[in-house]
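For the single chain, residues carry numbers from 1 onward in sequence order. From a predicted model like this one, the values you see are computed outputs, not experimental measurements.
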Amino acid sequence: MEEQLNNLRKAMDDTVLKGTHFTKEQKAKIRKAVKNPNRRNRFEWFPKLLTTVFSLVFLIIVADLSIGEKWSGSIVNEVKDKNAEKQTQSWKESSLFKSGGYTMIGEKQRLGFIYDNNEVLRFYPNKTQKYMWHFWGEDQEFKGKLKVVATHENDNEQINVLEGIEVGGPNNGADRHTPSLMSLPKSGMWKLDAYFGNELFGTVFVRVYDEPKEDWKSHDEYVKDGVTLLSVAPDPFLEAGKPFGYLFHFTASFETFKGKELAIYAYHKETSERITAVSPTIMNEPSAGYATLERFTATFEVPYSGLWRYEVVLDGEFYADVVLFVK
């Protein structure tokens, strides 16, 4: 056996293992490890535990961020929806008011323009109309030129309908006024913001109506839902250029008209000219001897021959119409 061990040592010395390979210190460490074989691996689990803990924390953070983003997004969308609903609810056509004998739309004692919501003055897509603006305020509020910015209710489209306008002095009870030509491109509600310089002065809300399909077929009565609301009996010798009498027969109860402003306008088919046949008048009494406006009479002159449409307007709203041929 001794001889075999000597031969093995000799063979090892002939390889890379030749010479002394372990110091005394190394040998001492080896012996110590042999005596305590499990001590070196006692804390090998700790790095694995740290890795697991960090992984769980990361997953929790990611999950919280995802939930927070969805929650935040839902709140933002809810706020947007409420704002949009609030904006839509607030867009109502401005009220009509009187000043200097004229009906205007806007904010009384602040701003407005002459407008009585009849079919001639109404806004229609891309139709340019004349409107007289009026403003009430202190002198310092009118510094700078007038600009009117229009915004559509649905898509927030903005256009400048008036710009660089020098306004005139007092008129019709207002402190400032100016004539204007305005046109809006599509139907729906529009907000008209009036500025002097860069300062917002006030706002008027208007509706742009779809272009009406006018029926110019001659008819002397107006029927709605199977009920005749109005019939008219003109002078049998009716002709242009002379005043003639008309008898308007209304069938609704007087409560329909009581305390309201009634007007009649006549429109010529060929020239589109409008005349005021009956000026706006408050209805306080029915026709003499009748329970309602069964014999409402009027005398006026139309300047041209041809078809004329007589439109009855009640408190600024269309009520009925007839179409007559004038010789």
Side-chain angles (χ1 to χ4, degrees), residues 77-137 141 146-162 172-174 176-178 180-196 199-213 224 255-263 265 280 282 311-320:
N77 290 335
E78 184 178 352
V79 171
K80 287 181 178 179
D81 291 341
K82 287 183 177 180
N83 287 340
E85 181 180 358
K86 183 178 179 182
Q87 184 184 43
T88 301
Q89 290 176 348
S90 66
W91 281 40
K92 294 181 180 179
E93 193 168 23
S94 295
S95 58
L96 301 178
F97 64 92
K98 287 278 193 178
S99 183
Y102 291 94
T103 301
M104 303 187 188
I105 186 171
E107 182 182 348
K108 191 174 183 179
Q109 293 298 309
R110 186 57 179 172
L111 81 164
F113 50 85
I114 295 176
Y115 181 90
D116 60 7
N117 201 32
N118 65 67
E119 290 191 7
V120 170
L121 289 179
R122 282 178 178 175
F123 287 91
Y124 297 104
N126 296 312
K127 184 176 181 179
T128 302
Q129 301 262 55
K130 293 180 180 180
Y131 300 98
M132 180 75 76
W133 282 84
H134 296 76
F135 304 94
W136 289 258
E141 294 185 274
L146 172 66
K147 178 176 71 173
V148 176
V149 179
T151 306
H152 192 264
E153 62 177 335
N154 291 335
D155 52 16
N156 289 325
E157 176 187 352
Q158 289 189 336
I159 59 173
N160 290 343
V161 292
L162 296 176
N172 295 322
R176 299 287 191 277
H177 82 285
T178 185
S180 70
L181 292 172
M182 292 192 295
S183 173
L184 296 168
K186 60 185 178 182
S187 61
M189 287 296 300
W190 287 81
K191 178 165 66 87
L192 305 181
D193 290 322
Y195 293 84
F196 282 97
E199 296 296 324
L200 177 64
F201 186 86
T203 299
V204 180
F205 290 90
V206 298
R207 178 179 298 280
V208 176
Y209 292 83
D210 292 323
E211 192 71 37
K213 296 179 180 179
K224 183 178 181 180
E255 291 301 317
T256 302
F257 310 99
K258 188 176 181 180
K260 297 181 180 179
E261 187 179 72
L262 186 146
Y265 302 97
I282 300 296
E311 178 186 284
V312 178
V313 175
L314 193 63
D315 267 359
E317 297 286 342
F318 172 85
Y319 180 78

Look up atom [atom1] in [X] and atom [atom2] in [Y], then write down how far apart they are to the nearest 0.5 Å.
X: D315; Y: L96; atom1: CG; atom2: CG; value: 9.0 Å
X: F205; Y: K92; atom1: CZ; atom2: NZ; value: 11.5 Å
X: D116; Y: K98; atom1: CG; atom2: NZ; value: 8.5 Å
X: L184; Y: R207; atom1: CG; atom2: CZ; value: 13.0 Å
X: I105; Y: F97; atom1: CD1; atom2: CZ; value: 9.0 Å

Could you tell me which residues satisfy side chain to side chain donor-acceptor pair (under 3.5 Å) with [X], sequence neighbours excluded, listed by chain and number?
X: N172; answer: H134
X: Y115; answer: N117
X: E93; answer: none
X: R176; answer: D139

When you compare the side chain of [Y] with that of [X], does any pair of heavy atoms fall below 4.5 Å?
X: M132; Y: F113; answer: no
X: L146; Y: T178; answer: yes
X: P280; Y: T103; answer: no
X: V208; Y: K186; answer: no
X: V161; Y: Y131; answer: no
X: F201; Y: R110; answer: yes
X: K191; Y: W91; answer: yes
X: Q129; Y: F123; answer: no

If you measure from the Lys or Arg side-chain nitrogens to the Asp or Glu carboxylate oxygens, is any gap between E317 and K260 under 4.0 Å?
no

So does [X] have more than 12 non-hydrogen atoms from other groups sitting under 6.0 Å from [atom1]?
X: E199; atom1: CD; answer: no
X: K130; atom1: NZ; answer: no
X: K258; atom1: NZ; answer: no

For I282, give me all partners under side chain to side chain contact (heavy atoms under 4.5 Å, CB included), at least two apart in sequence or on another chain.
E261, N284

Please report the shortest heavy-atom distance between [X] and [Y], naming the atom on each side.
X: Y209; Y: P125; answer: O-CD, 3.0 Å
X: A194; Y: L111; answer: CB-CD1, 3.9 Å
X: W190; Y: A150; answer: CE3-CB, 3.7 Å
X: T256; Y: L314; answer: O-CD2, 3.6 Å
X: S99; Y: G173; answer: OG-CA, 4.2 Å
X: W136; Y: M104; answer: CH2-SD, 4.1 Å

Would you please name every residue forming a ring pair (Phe, Tyr, Trp, His ring centres under 6.0 Å) with F257, sequence neighbours left out?
F250, Y319

Under the 3.5 angstrom rule, does the side chain of T151 hit a backbone N or O of Q158 as a donor-acceptor pair?
no

Between the side chains of N126 and S183, does any donor sit under 3.5 Å from an acceptor?
no

